[in-house]
Trainee: 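Handing you this structure, nothing more for now.
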Amino acid sequence: MKSTRIVVIVNPRAAGGRAGRRWPALRAQVAERLGVAAADLEEKLTDAPGAATHLTRQALRDGADVVVALGGDGSVNEVLNGFFAAPGDDPAAPPLPLREGAIFAQLPFGTGGDFRKTLRLPADTLAAAEELGRLLGRAEPAPRLDVGRVWPAGGAPRLFVNIASCGQSGVVVEHTHHMPKALGGRLTFTIATLRAFFGWRNRPVRLRVDGGEPEEVVVNTLAVGNGRYFGAGMQVCPGADPLDGVFDVTVLGDIRLWGFITQSKRLYDGTVAQVPGVTLRRGRRIEAAPAGDDPTPVLIEVEGESAGRLPATFELFPAALPVLTSLTRPPR
């Protein structure tokens, strides 16, 4: 029987460098839990932003069956993009898989850890490896993950599996890049969010869902969710399911600092729809553009990384990528 070839893409800078320091000691234990000999577990260490995408493409071209992202949400995003050919310049063309049937997986080890919550993976790296090993041993095929793509006007397209958002969240992400990771994910993002309120003005945005009539909404943050969580645990799209073939879209409307402070519990406990000024939508193609005459750019972030500015189109590609998860696709 042909053995499963597993490649782990390790971001040694994840969690403030702890991933790089701990990986040599974890490697054999991870291999054991995945059900392979330590000598057979392939590893590739990133050395620069974007390296995980290149290394993933290389691994898949070399015949990898499973590629595992070890790191945080940024690492997940880079590995995801590596499963597909580099995008061309045709917005109508769907992403092209590099190796049909190759499976994506995550081993959490980062500051945010948001997508692993949607995948129902443990936070602990070894416990997650044990769960992945169990899933690899199943007889049935791996579920296929929906994949989103954001294409900012005049910018480069980027795929995502969790959440892409714009507005104040784009400013928050810029702040987090200059903050020490030792604070931990939730505190880092909370401080960055509070800082972002100063100097930020909620903006009118023209929103169009699935080719319908455009509407103008006031936006603090617009979140387009394939997964549920961002910002180190904020459940901004509580109904999102990355296997159901549709985005959950949350518009955090004209929310100010005091409203954020008094309603912050609802941003974490799944009741965000009860916050005044929050509205929800669902769709596969979301178009968003600045409205009004304010020249300040409305920044986009994708899974914790800056990704351009509005106007942009967010599009979902259902069942685009096999994934190791205990989630099951809901009936259509």
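As a basis for the values below, the full set of heavy atoms in this structure was taken, side chains included, without hydrogen atoms, waters or symmetry mates.
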Trainee: Is there a donor-acceptor pair closer than 3.5 Å between any side-chain N or O of R27 and the backbone N or O of L41?
Mentor: yes
Trainee: Please check this pair: side chain of D146 against backbone of A319, looking for a donor-acceptor N/O pair closer than 3.5 Å.
Mentor: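 Checking the backbone N and O of A319 against the side chain of D146, a donor-acceptor pair under 3.5 Å is found.
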Trainee: Is a donor on one side and an acceptor on the other found under 3.5 Å between the side chain of N162 and the backbone of D73?
Mentor: no
Trainee: So does R99 pair up with D62, basic N to acidic O under 4.0 Å?
Mentor: no
Trainee: Are Y229 and L80 in one and the same hydrophobic cluster, where Ile, Leu, Val, Met, Phe, Trp and Tyr link if side-chain heavy atoms are under 4.5 Å apart?
Mentor: no
Trainee: Could you tell me if the side chain of T313 sits less than 4.5 Å from the side chain of V150, heavy atoms only?
Mentor: no
Trainee: Specify the closest pair of heavy atoms between L321 and A102, including all atoms of both residues, with the distance to one decimal.
Mentor: CD1-O, 4.1 Å
Trainee: Taking all atoms of both residues into account, what is the closest heavy-atom pair of G82 and L60, and its distance?
Mentor: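 Heavy atoms of G82 and L60 come nearest at O-CD1, 3.6 Å.
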Trainee: Look only at the side chain of E78 and the backbone of G74, and say whether a donor-acceptor pair between them is shorter than 3.5 Å.
Mentor: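 A pair under 3.5 Å: no.
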Trainee: Mark yes or no for whether R282, through its side chain, and D248, through its backbone, hold a donor-acceptor pair below 3.5 Å.
Mentor: no
Trainee: Can you find a pair of side-chain heavy atoms, one from Q235 and one from Y268, that are under 4.5 Å apart?
Mentor: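 No. Closest side-chain heavy atoms not under 4.5 Å.
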Trainee: Report whether I286 and V147 are members of the same hydrophobic cluster (ILVMFWY, side-chain heavy atoms less than 4.5 Å apart, transitive linking).
Mentor: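 No, I286 and V147 fall in different hydrophobic clusters.
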Trainee: Taking R206 first and then E215, would you say they form a salt bridge - that is, a charged N and a carboxylate O separated by under 4.0 Å?
Mentor: no
Trainee: Are side-chain heavy atoms of L119 and Q106 found at a separation under 4.5 Å?
Mentor: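 Touching, per the 4.5 Å side-chain cut-off.
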Trainee: Minimum heavy-atom separation for A128 to P108, with atom names?
Mentor: CB-CD, 3.5 Å
Trainee: Under the side-chain contact (heavy atoms from CB on, under 4.5 Å) criterion, do V249 and V209 qualify, and how do the steps go?
Mentor: CA-CA 9 Å; V249 181; V209 179; 5.8 Å; no
Trainee: For the pair R208 and E213, find out whether any cationic side-chain nitrogen is under 4.0 Å from an anionic carboxylate oxygen.
Mentor: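 Salt bridge flag = no for E213 with R208.
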Trainee: Would you call the rings of F314 and F160 parallel, tilted or perpendicular, where under 30° means parallel and over 60° means perpendicular?
Mentor: perpendicular
Trainee: Same cluster for F247 and V272 if Ile/Leu/Val/Met/Phe/Trp/Tyr side chains link at under 4.5 Å?
Mentor: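 No, F247 does not connect to V272 through the hydrophobic network.
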Trainee: Under a 3.5 Å threshold, yes or no: a donor from one side chain and an acceptor from the other, between Q274 and R266?
Mentor: yes
Trainee: Check whether R203 reaches the backbone of T296 with its side chain - one donor and one acceptor, N or O, closer than 3.5 Å.
Mentor: yes
Trainee: What is the minimum heavy-atom distance between F109 and A14, and which atoms define it?
Mentor: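 Closest pair (atom of F109, atom of A14, distance): O-CB, 3.0 Å.
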Trainee: Any donor and acceptor pair, going by atom type alone, linking the side chain of N220 with main-chain N or O of G253 inside 3.5 Å?
Mentor: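 The answer is no, because no donor-acceptor pair under 3.5 Å joins these two groups.
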Trainee: For the pair R144 and E100, find out whether any cationic side-chain nitrogen is under 4.0 Å from an anionic carboxylate oxygen.
Mentor: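 A salt bridge links R144 with E100.
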Trainee: Given 3.5 Å as the limit, does a donor-acceptor pair link the side chain of R228 with the main chain of C237, or not?
Mentor: no
Trainee: Hey, is the main chain of V236 close enough, under 3.5 Å, to the side chain of T250 for a donor-acceptor pair?
Mentor: yes
Trainee: Can you get from F317 to L243 by hopping between Ile, Leu, Val, Met, Phe, Trp and Tyr side chains that sit under 4.5 Å apart?
Mentor: no
Trainee: Quick one: does P290's side chain get under 4.5 Å of P311's, heavy atoms only?
Mentor: yes
Trainee: Mind checking whether F83 and L98 have side chains closer than 4.5 Å, heavy atoms only?
Mentor: no
Trainee: What's the shortest heavy-atom distance between A164 and V302, and which atoms?
Mentor: CB-CG2, 4.1 Å
Trainee: Is any side-chain heavy atom of N226 closer than 4.5 Å to one of I163?
Mentor: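 Side-chain contact under 4.5 Å: no.
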Trainee: Salt-bridge test for D210 and R285: reply yes if a basic N is under 4.0 Å from a carboxylate O, no otherwise.
Mentor: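 Looking at R285 together with D210, the answer is no, because their closest N to O distance does not fall below 4.0 Å.
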Trainee: Do V76 and L327 land in one hydrophobic cluster if side-chain heavy atoms of ILVMFWY residues count as linked below 4.5 Å?
Mentor: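 Hydrophobic grouping puts V76 with L327.
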Trainee: Going through the checks in order, is the side-chain contact (heavy atoms from CB on, under 4.5 Å) test met by T4 and V36?
Mentor: CA-CA 9 Å; T4 301; V36 298; 5.9 Å; no
Trainee: So, do I255 and Q168 sit near enough that their side-chain heavy atoms are less than 4.5 Å apart?
Mentor: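 No - every pair of side-chain heavy atoms lies 4.5 Å or more apart.
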Trainee: With side chains defined as the heavy atoms from C-beta onward, is the minimum distance between V219 and P204 less than 4.5 Å?
Mentor: no
Trainee: Could you tell me whether the side chains of E301 and S165 share a donor-acceptor contact shorter than 3.5 Å?
Mentor: yes
Trainee: Answer yes or no: is there a donor N or O on one side and an acceptor on the other, between the side chain of D114 and the main chain of G231, under 3.5 Å?
Mentor: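 Here the side-chain-to-backbone pair exists.
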Trainee: Which atom pair, heavy atoms only, marks the closest approach of A273 to V278?
Mentor: CA-CG1, 4.1 Å
